[in-house]
2 protein chains.
Amino acid sequence: MPLDSLHLDAVSVVTNIYRVAQGLRNKMEREVLSTHGLSWTSFSILYDLWIWESVETKKLAELTAVSKATISNITKTLERKEFCYRKTDIRDRRITYVTITDKGKEIMEELYPQFHKGEIEIVSSLTVEEQKNVSEILRRVIRENKF
Amino acid sequence: MPLDSLHLDAVSVVTNIYRVAQGLRNKMEREVLSTHGLSWTSFSILYDLWIWESVETKKLAELTAVSKATISNITKTLERKEFCYRKTDIRDRRITYVTITDKGKEIMEELYPQFHKGEIEIVSSLTVEEQKNVSEILRRVIRENKF
DNA sequence: TCAAAATCGTTAGCTATGAAACGATATTAC
DNA sequence: GTAATATCGTTTCATAGCTAACGATTTTGA
């Protein structure tokens, strides 16, 4: 593959997106989530439960874009910490619902403001105009690739 | 925390970046890297070795933004597959150099074009202008946050 | 009606991941 | 010169994360 056939702008976009995502995740886990032993994905799941109160594991896998096996493991960990509990559906016993507990809600009420503060900090070097612009472009990438 | 104090544009940027990064990684691992049992990070490490031929583990940890423990484990896996080998420095025996093998180079010569094709596909809905624009903005985020 | 197919969550077995502790080595301070 | 300190990579131990296989359940089709 000759060098002049490389699409350097595409490489640059992909590389930079991944690096920001990685930095983002590390920063949040280190500065915010570690205080309650949560990983990025655990937090995402708990966030979804906070919003929806109760969600099927299959739906959780779609929302967070990880495999159902991972959902199974992480909700097990969250259940051990008493942040949520699992219960099989009575009508269709193949389905399991995960529900947030009061303790889980308290954690989110404490952590979310800190998390949001981190989000603001990370993009603070961009104007609101640039933020809107990047979001719109990324949404298009998400849509076109069905991410 | 009242809803009207949420910086929704910041939330949107962060959420979309993470989702694209996740989709990106999953797509590449599924469609390209899985044929040789490589993870995204394994591939990144092998890529750096391909470029530099031989790199200290400490440097690898910085380049790929993962912990030195992870580098230790992954290079061990890569060594078992005979894609690289490790050797302690003679002068300073605390340092370990990781070097790519011929087999490792062959794999990269096969995989990189496929990987690059994937990169192009992912951002194909954006104009080159938009790609340059997003890259520039993300580079600023990386710089300001020291990611 | 009831056997085949589809759906769902968990388990098994693997690699990845980080923090902390550790062991070996090198550097610094006095 | 040597004791304290710093550096580096590995190991340990826990969770995360994937695919594939599985077991239980429900739906479908003839």
Side-chain angles (χ1 to χ4, degrees), chain A residues 18 21-46 55-62 64-81 83-99, chain B residues 18 21-46 55-62 64-81 83-99:
Chain A
Y18 198 80
Q22 180 100 325
L24 180 59
R25 177 175 175 145
N26 288 343
K27 176 194 168 83
M28 293 303 198
E29 290 186 338
R30 195 168 6 94
E31 297 178 6
V32 180
L33 308 179
S34 68
T35 60
H36 289 89
L38 290 171
S39 67
W40 175 280
T41 310
S42 314
F43 180 78
S44 302
I45 291 173
L46 201 54
V55 184
E56 314 152 59
T57 62
K58 183 182 163 61
K59 182 77 180 170
L60 280 179
E62 288 165 13
T64 52
V66 297
S67 73
K68 53 186 186 165
T70 298
I71 296 293
S72 190
N73 284 325
I74 294 186
T75 53
K76 205 187 297 173
T77 302
L78 287 175
E79 193 172 38
R80 199 177 333 117
K81 292 182 178 172
F83 293 168
C84 71
Y85 63 88
R86 291 180 294 180
K87 197 171 189 326
T88 47
D89 190 305
I90 309 169
R91 309 289 184 90
D92 186 340
R93 297 172 53 77
R94 292 171 303 182
I95 298 174
T96 298
Y97 278 92
V98 187
T99 307
Chain B
Y18 198 79
Q22 181 99 327
L24 179 59
R25 178 176 174 144
N26 288 344
K27 177 193 167 84
M28 293 303 197
E29 289 185 340
R30 191 166 9 92
E31 296 179 8
V32 180
L33 308 180
S34 68
T35 60
H36 289 89
L38 290 171
S39 67
W40 176 280
T41 311
S42 312
F43 180 77
S44 301
I45 291 172
L46 202 53
V55 184
E56 312 152 60
T57 62
K58 182 181 164 61
K59 183 78 180 170
L60 280 179
E62 289 165 13
T64 51
V66 296
S67 73
K68 54 190 185 165
T70 299
I71 296 292
S72 190
N73 284 323
I74 294 186
T75 54
K76 205 187 297 175
T77 304
L78 288 175
E79 194 172 38
R80 198 179 334 119
K81 292 182 178 172
F83 293 168
C84 70
Y85 63 88
R86 290 180 295 180
K87 197 171 189 322
T88 46
D89 189 306
I90 309 169
R91 309 291 184 89
D92 187 340
R93 298 171 54 76
R94 291 171 305 181
I95 299 173
T96 298
Y97 278 91
V98 187
T99 307

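We name chains A, B, ... by the order of the sequence lines, and we start the count at 1 in each one. Note: hydrogens, waters and symmetry copies are ignored here, and every other heavy atom, side chains too, is used. From a predicted model like this one, the values you see are computed outputs, not experimental measurements.
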Quiz item: To the nearest Å, how far apart are Glu79(B) CD and dT10(D) C1'?
Solution: 13 Å
Quiz prompt | d(NZ, Lys87(A); P, dG9(C)) in whole Å | solution = 15 Å
Self-check item: Separation of dC8(C) P from Asp89(A) CG (nearest whole Å)
Solution: 12 Å
Self-check item: Whole-Å gap separating C1' (dG18(C)) and CG (Leu33(A))
Solution: 14 Å
Quiz item: Around atom CZ of Arg93(A), are there more than 12 heavy atoms of other residues, nucleotides or ligands at under 6.0 Å?
Solution: no
Exercise. Take nucleotides 16-28 of chain D nucleotide by nucleotide from the 5' end and write B, S or -, depending on whether a protein heavy atom sits under 4.0 Å from the base, only from the sugar-phosphate, or from neither.
Key: SBBB-----BB--
Quiz item: Has Ser72(B) got a side-chain N or O lying under 4.0 Å from the OP1 or OP2 atom of dG9(D)?
Solution: no
Quiz item: Between dC8(D) atom P and Leu60(B) atom CG, what is the distance in whole Å?
Solution: 14 Å
Quiz prompt | Interatomic distance where CD belongs to Glu62(A) and C1' belongs to dC8(C) [whole Å] | solution = 12 Å
Quiz item: In whole angstrom, what separates Arg86(A)'s CZ from dT11(C)'s P?
Solution: 8 Å
Quiz prompt | Stepwise salt bridge (charged side-chain N to carboxylate O under 4.0 Å, His left out) check, Asp89(B) with Arg91(B) | solution = CA-CA 6 Å; Asp89(B) 189 306; Arg91(B) 309 291 184 89; 5.8 Å; no
Quiz item: Without hydrogens or angle criteria, can the side chains of Arg25(B) and Tyr18(A) be said to hold a donor-acceptor pair below 3.5 Å?
Solution: yes
Quiz item: Any side-chain donor-acceptor pair under 3.5 Å between Ser39(A) and Ser42(A)?
Solution: yes
Exercise. Answer yes if the side chains of Thr70(B) and Ser67(B) hold a donor-acceptor pair under 3.5 Å, and no otherwise.
Key: yes
